[in-house]
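Everything on this sheet refers to the single structure shown next.
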Amino acid sequence: MVPANDTPLRIENAVNDLCPWSGKPIVPEALTLYNGATVGFCNVECRDKFARAVAAFEDALRARRVANAGLHQ
């Protein structure tokens, strides 16, 4: 994945050396940007699994904020 500004992600800038899902070494083709930091994974499937998990948590947090505020979407 390439950041919105089209600057390629670089493996040497990753905040981790091992995939958070598998524990295997990260590879250059499986990087993503998360909260301004480059995060690496062992393969694109793990990277995409991370993206889905983050999206699900963000959706749940958004729904909770709406419910707590008494708003309805």
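Because the structure is a prediction, the values reported are computed rather than measured. Here, residue 1 is the first one in the sequence, and each next residue gets the next number.
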* To do: Check the hydrophobic clustering (I, L, V, M, F, W, Y; side-chain heavy atoms under 4.5 Å; chains of links allowed) and say if V54 and V39 are grouped together.
  => yes
* Asked: For the hydrophobic clusters of this structure (ILVMFWY residues joined by side-chain heavy atoms under 4.5 Å, transitively), does one cluster hold both V15 and W21?
  -> yes
* What heavy-atom pair brings C42 and A30 nearest, and what distance separates the two atoms? -> C-CB, 4.4 Å
* Under a single-linkage definition using a 4.5 Å side-chain heavy-atom cutoff for Ile, Leu, Val, Met, Phe, Trp and Tyr, are F41 and Y34 assigned to the same hydrophobic cluster? -> yes
* Structure fact -> Distance col, row C19:SG vs E45:CD, nearest 0.5 angstrom, shows 10.5 Å
* Does N16 reach the side chain of I26, with side-chain heavy atoms less than 4.5 Å apart? -> yes
* **Separation of N43 CG from K49 NZ (nearest 0.5 Å)** => 10.0 Å
* Might you point out which heavy atoms bring R47 and L31 nearest each other, and give the distance in Å? => CD-O, 3.3 Å
* Asked: Between atom OG1 of T38 and atom CD of E12, what is the distance when rounded to the nearest 0.5 Å?
  -> 9.5 Å
* Asked: Are more than 12 heavy atoms from other residues, nucleotides or ligands located less than 6.0 Å from atom CG of D17?
  -> no
